Amino acid sequence: MILMLLFITSAIAGTVEEDKSLVPRVFNTYCSSCHIDEGKMKDFISEHENSSMIEKIRSGESGMPTYSWLFTDEDLVSLIDYMREIDKK
């Protein structure tokens with residue numbers, strides 16, 4: 001399991017500035033299996049403050065695993081912004 005996580009993490013290494021597809025790849029790898037249903041966001045309240053969402057992502061909640069070890073706050077803000085864009089569709 002740890003080797004798999006290291007492989008996945010290295011596969012998405014980089015910055016948003018370097019690779020515009022990074023945030024969608026991170027979302028598809030870590031989030032979409034639980035937060036997309038028939039092309040729509042689920043279990044996501046876009047009106048929540050970034051700080052509240054970052055805390056939930058870092059600590060895990062309601063069966064969601066914790067990602068405190070993987071993402072910076074800046075990474076998470078980019079991810080949350082991307083999720084908000086999906087939620088508007």
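All values reported here derive from a predicted model rather than from experimental measurement.
Summarising the geometry of Leu79 relative to Val23, their closest heavy-atom pair is CA-CG1, 4.0 Å, with the distance given to 0.1 Å. Across all non-hydrogen atoms, the minimal contact from Thr72 to Arg58 is C-NH2, 3.2 Å. Summarising the geometry of Trp69 relative to Thr66, their closest heavy-atom pair is NE1-O, 3.3 Å, with the distance given to 0.1 Å.
Ile36 is listed as a side-chain neighbour of Phe27, based on a closest heavy-atom distance under 4.5 Å. A 4.5 Å side-chain heavy-atom check between Tyr67 and Leu76 finds every atom pair outside the cut-off. Proximity of Glu85 to Lys88: side-chain heavy atoms (C-beta onward) are separated by under 4.5 Å at one or more points. Counting heavy atoms from C-beta outward, Ile57 and Met64 have side chains that approach closer than 4.5 Å.
From Ile45, atom CD1 reaches atom CE of Met83 across 11.0 Å, with rounding to the nearest 0.5 Å. Note: Asp73 CG to Ser78 OG = 11.0 Å, rounded to the nearest 0.5 Å. In this structure, CG in Asp43 is found 12.0 Å from SG in Cys31, a value given to the nearest 0.5 Å.
Sequence neighbours left out, the pairs with a member in residues 45-55 that pass side-chain hydrogen bond (donor to acceptor under 3.5 Å, both in side chains) are Ser46-Asp87, Asn50-Arg84. Note on residues 33-42: no pairs pass side-chain hydrogen bond (donor to acceptor under 3.5 Å, both in side chains), not counting sequence neighbours.
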Show the numbers, then the answer: is there a side chain to side chain contact (heavy atoms under 4.5 Å, CB included) between Val26 and Phe71?
CA-CA 10 Å; Val26 167; Phe71 302 114; 3.5 Å; yes
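Residues that satisfy the ring-ring contact (aromatic ring centres under 6.0 Å, His included) test with Phe44, not counting sequence neighbours, are absent from this structure.
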